Amino acid sequence: MKTYQLYINGQYVDPANGEWFDSIDPYRGEAWAKIPRGTAADADKAVKSANEAMWRGPWAKMTASARGKVMRKLGDLVAANAERLAEIEVRDNGKLMAEMLGQLRYHPEWWWYFGGLVDKLEGGLVPIDKAETFAYTTHEPVGVVAALTAWNSPLLFVAWKCAAALAAGCAVVVKPSEFTSASTLEFAALTREAGIPDGIFNVVTGFGPEAGSALIAHPGVAKITFTGSDTTGAKVYETAAKSLKRVSLELGGKSPNIVFEDADLTAAAAGAISGIFAATGQTCIAGSRLLVQSSIKEKFVARVLELAKSAKIGDPMQSDTNVGPITTPAQYKKVLDYIDIAKAEGARCLLGGKPASGDGIKGGQFVEPTIFTDVDNTMRIAREEVFGPVLSIISFDTEEDAIRIANDTIYGLAAGIWTKDLARAIRVPKQLRAGTVWVNTYRAISYMMPFGGMKHSGVGRESGIDAVREYQETKSVWISTATDVPANPFVMR
C-alpha cells in the first residue's frame with residue numbers, strides 16, 4: 001500500500017499532524033493507499049509558499065512566453081503518463097477505465113491551449129477623452145487561488161481550474177476530494193518536471209472541515225474555485241464573502257435531455273443512455289431528466305430500455321464494462337434512498353431499482369441501471385440531484401411544455417435537445433436556462449468552450465478564453481503628459 005505525502009513548495013512533505021487516512025477502492029471495497037490528513041497548519045504553509053513564489057519568485061519574473069512553454073511541456077508529460085494516471089483514478093473513484101483514460105488523454109489540451117494563450121492576454125490603449133493624457137489597461141493575476149476539486153473527475157478538474165489560473169499568472173493550492181486525492185498528488189510531480197517553479201502548484205489533501213475550510217478562509221487566498229454540490233457551494237460562497245474573495249462555483253445539475261418527435265430516435269436513445277449511465281450517473285451534467293414527446297414515448301422508451309438492459313456491470317478496469325460502482329458508501333446509500341423515494345411517490349420502475357449483484361461484482365457499492373417512468377416534474381426524483389445511475393422519464397405534448405418543464409428547476413447547468421428541425425435547434429436553446437445546451441449530442445466538452453451554470457448550478461465559467469478573466473484583475477493606468485501646473489489644484493482636471 002502506497003503512502004502519499006502533501007506537495008508544498010515543490011517538495012513532498014508529511015502532514016504537520018503526522019496523520020494519514022485510507023483511500024478505498026470502490027470496486028474491491030478495500031484500502032489501497034494512505035492519504036495525508038492535512039490541516040490548517042499545512043494549508044497555511046502552502047498558501048504562504050504560493051504567495052512568495054507568485055509575487056517574488058521566478059514565476060513573477062518569467063516572461064509570458066516562458067510561462068507558456070513550461071505549461072505546454074506539462075501537457076506533454078501528462079500525455080506520456082495518461083494511462084498510469086487513469087489507472088490511479090479508477091482505483092480511487094471506481095469510474096470506468098475507458099472514461100478516465102479518455103479524460104486523461106484529453107487533459108493535456110488544456111495545458112497546450114492555455115499555455116499558448118499566455119502571451120496573447122493583451123491589455124489595451126484607451127483613446128481617453130482627457131487632453132495630454134496617455135491611458136491604458138493591463139490584466140494582472142488576482143492572487144493565490146485555492147482550487148477545491150470533486151471526486152468524480154479529479155485531474156480533469158485540475159486542468160479546468162489550474163491551467164487558466166496559471167495562464168493568468170496565479171499560483172494555486174489544490175485541495176482534492178478526500179475520496180480521490182492520489183492522482184492529484186501524482187500529477188504534482190509532473191509540474192516540477194515541466195519546470196513550473198516551486199510554490200506555484202501545491203496540493204494539500206485532507207477533509208473539508210480541516211484543510212478545505214482553512215484554505216477558503218485564509219487571508220492569503222484571493223480566489224476560490226470549487227466544484228461540488230450546490231449546498232456545499234453555498235457554504236463556500238458564504239465563507240469566501242467574509243473576506244471578499246473572488247469565487248467560481250461549478251455546482252450540481254438536474255439536466256433535461258429533450259427528445260422531440262422528429263428526432264433521430266436511434267441517436268437520441270444512445271444519447272440518453274450515455275447521458276445518464278456512461279459515468280454511472282456520477283457527473284454534474286448527467287441527463288437525469290429524459291423529456292420525451294408523448295407521440296413517440298412508447299416506442300422511444302422501448303429503445304432506451306433495450307440499450308440499458310445490455311449494460312455490463314462489473315470491474316471498471318475492464319474495457320467491456322459499461323457501469324461501475326458508486327464511488328463512496330455515503331453516495332451509494334443516497335442513490336438507493338432516492339430510488340425508494342421515487343417508488344413511494346408513484347414513479348413506475350421499468351428497470352433496475354435495487355443493488356446490483358452477480359459475477360464480477362465486488363465491494364458492495366453497485367446499483368443497477370434504473371429507469372423510472374410516469375414521473376411528474378414535481379417529484380423529488382425529478383427535482384433533486386441523485387448523482388447515480390437513475391433516469392426519470394417525463395412526457396410532454398408541445399415544445400412550449402418541454403421548455404417549461406426543462407426550466408422548472410433550481411438548476412441550470414446543462415440541457416440536451418434531439419431534433420431534425422433546424423429552426424427548433426436554434427430556437428429552443430435560446431429559451432433554456434442552462435449554461436450549456438447540446439443539440440443532437442450530449443456530454444461533449446472542449447478546452448475551447450466555456451463551461452458553467454446558471455441559477456443554483458454555479459457562478460463563473462471554466463475553459464475557453466473566458467476562464468482566464470476569472471483569475472485576473474483589470475488595472476487602469478493614467479499618465480499625464482501635461483507640462484503646465486493646474487490653475488486651481490483643488491479642482492480635478
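These figures come from a predicted structure and were not determined experimentally.
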Under the side-chain hydrogen bond (donor to acceptor under 3.5 Å, both in side chains) rule, what pairs show up with a residue in [range], not counting sequence neighbours?
range	answer
residues 57-71	Ser65-Asp119
residues 187-205	Arg192-Asp198
residues 270-287	Gln282-Thr327

Can the ring centres of [X] and [Y] be said to be less than 6.0 Å apart?
X	Y	value
Phe157	Trp160	yes
Phe114	Tyr447	no
Trp151	Phe387	yes

Between [Y] and [X], is there a side-chain donor-acceptor contact under 3.5 Å, judged purely by atom types and distance?
X	Y	result
Asp92	Ser23	yes
Arg404	Asn377	no
Trp112	Asp76	yes
Lys455	Ser457	no

Residues that Thr419 engages under side chain to side chain donor-acceptor pair (under 3.5 Å), provided they are two or more places apart: Asp262
Do the numbers put Arg461 on top of the ring of Phe451, so that NZ or CZ is under 6.0 Å from the six-membered ring centre and no more than 45° off the axis? no
When you measure from the centre of the six-membered ring of Tyr471, is the NZ or CZ of Lys223 closer than 6.0 Å and no more than 45° off the axis? yes
Would Lys420 and Asp264 pass as an ion pair if we require N to O under 4.0 Å? no
Taking the basic N atoms (NZ, or NE/NH1/NH2) and the acidic carboxylate oxygens, is any pair closer than 4.0 Å for Arg84 and Glu89? no
Which is it for Glu385 and Lys254 under the salt bridge (charged side-chain N to carboxylate O under 4.0 Å, His left out) test, yes or no, and what are the steps along the way? CA-CA 6 Å; Glu385 188 176 40; Lys254 197 68 185 174; over 6 Å; no
Among pairs that include at least one residue of residues 161-170, which meet salt bridge (charged side-chain N to carboxylate O under 4.0 Å, His left out), considering only residues two or more places apart or in two chains? Lys161-Glu462
Contacts satisfying ring-ring contact (aromatic ring centres under 6.0 Å, His included) that involve residues 203-253 (not counting sequence neighbours) are Phe21-Phe207
What residue among Glu99, His107, Gln103 forms side-chain hydrogen bond (donor to acceptor under 3.5 Å, both in side chains) with Ser153? Gln103
